[in-house]
Amino acid sequence: MTDVDRFEIVQSGGSRARVAELAIAGEVDLATSPELKRALFNALDAGSRQLIVDMGAVGLIDATGIGVLVSAANRAQRVGGHVTVRQPSAAVQRVLAAVDLDEVIRIEL
C-alpha cells in the first residue's frame, strides 16, 4: 500500500517554473493509484509545472500506477510542464523500461 501520509509535496519557484516534489513509498497499484493521482493533479492545479516523483521507496508499480504517471505527464505537458521520476527502485525501473515511456516521462536514475 502506498504510504500517502508520507507523501511530501514541496513547491518552489515562480508561477511559471513552479516545481512540486513528491516522495512516495510502498506499492502503487489499483488500490492506491487514486491517491497518487489526486496528489499529482492537486500539485498541477496549484500551479506546479514540473512534477518530480521520487520513487526510490516504491516496491511495486502496476499498470494503473503507470497510467496515473502518464495521465499526469499529459496534463503537465498541456501547460508546458513535465513529470520526472527520480531514483526509481529496481522494481519500478523494470516496469518503466518495459513500457518505454521515455518520450512522455523523464527518468532520473
Side-chain angles (χ1 to χ4, degrees):
M1 175 179 233
T2 301
D3 188 357
V4 177
D5 293 334
R6 290 189 31 193
F7 271 171
E8 183 178 343
I9 302 174
V10 178
Q11 293 184 332
S12 61
S15 61
R16 293 200 132 258
R18 289 183 66 141
V19 177
E21 297 185 29
L22 294 83
I24 60 175
E27 298 178 356
V28 181
D29 57 17
L30 181 64
T32 60
S33 289
E35 297 169 84
L36 177 59
K37 183 176 183 177
R38 193 168 27 259
L40 293 172
F41 280 41
N42 284 346
L44 289 168
D45 291 344
S48 295
R49 297 297 170 252
Q50 299 176 43
L51 302 180
I52 299 171
V53 185
D54 184 327
M55 299 189 85
V58 174
L60 176 138
I61 187 167
D62 70 4
T64 56
I66 294 296
V68 166
L69 292 175
V70 170
S71 187
N74 287 337
R75 189 167 176 180
Q77 286 176 348
R78 285 194 294 271
V79 295
H82 64 271
V83 172
T84 300
V85 172
R86 181 177 285 163
Q87 299 179 337
S89 65
V92 173
Q93 285 181 43
R94 282 191 298 276
V95 173
L96 290 173
V99 294
D100 192 30
L101 295 173
D102 292 350
E103 292 184 22
V104 179
I105 299 169
R106 297 178 185 183
I107 301 169
E108 291 180 1
L109 300 177

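Model, not experiment: these values are computed from the prediction.
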> How many angstroms lie between CG in L51 and CZ in R106, if you round to the nearest 0.5 Å?
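CZ of R106 is found 11.5 Å from CG of L51.
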
> Rounded to the nearest 0.5 Å, what's the gap from CD on E35 to CD1 on I24? Could you check?
10.5 Å

> Any non-hydrogen side-chain atom of V79 less than 4.5 Å from a side-chain atom of R49?
yes

> So, the side chain of T32 versus the backbone of E27: is there a donor-acceptor pair under 3.5 Å, distance only?
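Yes; judged by distance alone, with no hydrogens or angles, the pair exists.
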
> Please tell me if the side chains of D29 and L60 come closer than 4.5 Å, counting only heavy atoms from C-beta onward.
yes

> For E103, is the CD atom crowded, meaning more than 12 foreign heavy atoms sit under 6.0 Å from it?
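No, not enclosed.
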
> Restricting to non-hydrogen atoms, name the atom on G56 and the atom on S89 that form the minimum distance, rounded to 0.1 Å.
O-CB, 3.7 Å

> Could you pull out all residues at least two apart from V104 that satisfy side-chain contact (heavy atoms from CB on, under 4.5 Å)?
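side-chain contact (heavy atoms from CB on, under 4.5 Å) list for V104, sorted by chain: V70, A73, N74.
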
> What's the shortest heavy-atom distance between H82 and A76, and which atoms?
N-CB, 3.8 Å

> With a 4.5 Å limit on heavy-atom distance, are the side chains of L40 and L69 in contact?
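The answer is yes; the side chains approach within 4.5 Å.
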
> The test is side chain to side chain contact (heavy atoms under 4.5 Å, CB included); show your working for L96 and V85 and say whether it passes.
CA-CA 10 Å; L96 290 173; V85 172; 4.1 Å; yes

> One thing to verify: whether D45 and R75 come together as a salt bridge, which I'm taking to mean a side-chain N less than 4.0 angstrom from a carboxylate O.
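Answer for the salt bridge query: yes.
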
> Measure the shortest side-chain to side-chain distance between V53 and T84 over non-hydrogen atoms and say whether it is less than 4.5 angstrom.
no

> Between the side chain of S48 and the main-chain N/O of L44, is any donor-acceptor distance below 3.5 Å?
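Pair absent, no side-chain N/O of S48 close to backbone of L44.
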
> Roughly how far apart are I52 CD1 and R86 CZ, rounded to 0.5 Å?
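Here the rounded value is 4.0 Å.
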
> List for me each residue that meets side-chain contact (heavy atoms from CB on, under 4.5 Å) alongside D102, sequence neighbours excluded, and say none if there are none.
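D102 satisfies side-chain contact (heavy atoms from CB on, under 4.5 Å) with D100, I107 once adjacent residues are dropped.
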
> Could you tell me which non-hydrogen atom of F41 sits nearest to which non-hydrogen atom of S71, and how far apart they are?
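Closest pair (atom of F41, atom of S71, distance): CZ-OG, 3.4 Å.
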
> For a 4.5 angstrom cut-off between non-hydrogen side-chain atoms, does I66 reach V95?
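Yes, side chains in contact.
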
> Return the minimal non-hydrogen interatomic distance between L109 and P88, and the atom names on each side.
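L109 and P88 have their closest heavy atoms at CD2-CG, 4.0 Å.
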
> Enter the distance from M55:CE to Q87:CD here, rounded to the nearest 0.5 Å.
12.5 Å

> Can any side-chain N or O of D62 pair as donor or acceptor with the backbone N or O of L30 at less than 3.5 Å?
yes

